[in-house]
Amino acid sequence: MVQAVSLVLEGAEGIPPSAVDEAGQRTVTGFCVRAADEPGRIRVYWLGPRGSGTAREEGERLAACAEALRRAGWDSLLYRGPRGLRFLEVEPVRPSG
């Protein structure tokens with residue numbers, strides 16, 4: 001599921017992924033996809049290098065990610081985690097009926 005969400009965001013929508021260098025320091029601002037604590041769910045974060053001002057654009061960029069995922073058949077909810085970090089919790093749309 002992590003790869004599927006990443007493909008939607010980067011491949012289909014052209015939203016840039018974040019990146020880290022060999023030392024693990026974030027070098028590029030963009031989305032980061034990780035498995036959530038609950039099976040069947042994924043978390044999407046908007047991350048960037050320290051001091052890049054990523055937090056100011058976090059809400060707007062996560063909203064764009066949520067819309068892209070909605071169009072591709074995923075449900076997502078915006079949450080605020082520890083230290084105020086916002087993220088989307090994403091899961092495939094469940095069939096009704």
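Start at 1 with the first residue, then count along the sequence. No hydrogens, no waters, no symmetry mates; every other heavy atom, side chains included, goes into these values. Only a predicted model underlies this, so the values are computations on that prediction, with no experimental measurement involved.
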*To the nearest 0.5 angstrom, please state how far the CG atom of Leu47 sits from the OG atom of Ser52.*
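Leu47 CG to Ser52 OG: 9.0 Å, rounded to 0.5 Å.
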*Rounded to the nearest 0.5 Å, how far apart are CZ of Arg80 and CG of Leu85?*
9.0 Å
*Stepwise, does the side-chain contact (heavy atoms from CB on, under 4.5 Å) test hold for Thr54 with Arg26?*
CA-CA 11 Å; Thr54 305; Arg26 199 149 304 276; over 6 Å; no
Heavy-atom side-chain contact between [X] and [Y] under 4.5 Å:
X: Leu69; Y: Glu13; answer: no
X: Glu91; Y: Ser76; answer: no
X: Glu10; Y: Ile15; answer: no
X: Leu78; Y: Leu62; answer: yes
X: Pro49; Y: Thr29; answer: yes

*asked:* Run the side-chain contact (heavy atoms from CB on, under 4.5 Å) test on Val44 and Val5 for me, step by step, so that the C-alpha distance in whole Å, both residues' side-chain angles and the decisive distance to 0.1 Å come before the verdict.
replied: CA-CA 9 Å; Val44 177; Val5 168; 3.9 Å; yes
What is the minimum heavy-atom distance between [X] and [Y], and which atoms define it?
X: Arg86; Y: Ala55; value: NH2-O, 3.6 Å
X: Met1; Y: Gly40; value: CE-O, 3.1 Å
X: Val8; Y: Ala68; value: CG1-O, 3.9 Å
X: Pro92; Y: Trp74; value: N-CE3, 3.5 Å

*Linking I/L/V/M/F/W/Y whenever any side-chain heavy atoms sit under 4.5 Å apart, do Leu88 and Val2 land together?*
yes
*Could you walk me through whether Leu77 and Val90 pass the side-chain contact (heavy atoms from CB on, under 4.5 Å) test, one step at a time?*
CA-CA 7 Å; Leu77 291 173; Val90 181; over 6 Å; no
*asked:* Give me each pair satisfying ring-ring contact (aromatic ring centres under 6.0 Å, His included) with a member in residues 2-43, each pair once, sequence neighbours excluded.
replied: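 Matches after skipping sequence neighbours: none remain.
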*Which residue pairs pass the ring-ring contact (aromatic ring centres under 6.0 Å, His included) test when at least one of the two sits in residues 37-64, sequence neighbours left out?*
Tyr45-Phe87
_Apply side-chain contact (heavy atoms from CB on, under 4.5 Å) to residues Asp75 and Arg70 and explain how you reach the verdict._
CA-CA 6 Å; Asp75 280 334; Arg70 184 196 62 76; 6.0 Å; no
*Has the side chain of Ser18 got a donor or acceptor atom that lies under 3.5 Å from a matching backbone atom of Val28?*
yes
*Glu38: salt bridge (charged side-chain N to carboxylate O under 4.0 Å, His left out) partners, not counting sequence neighbours*: Arg41
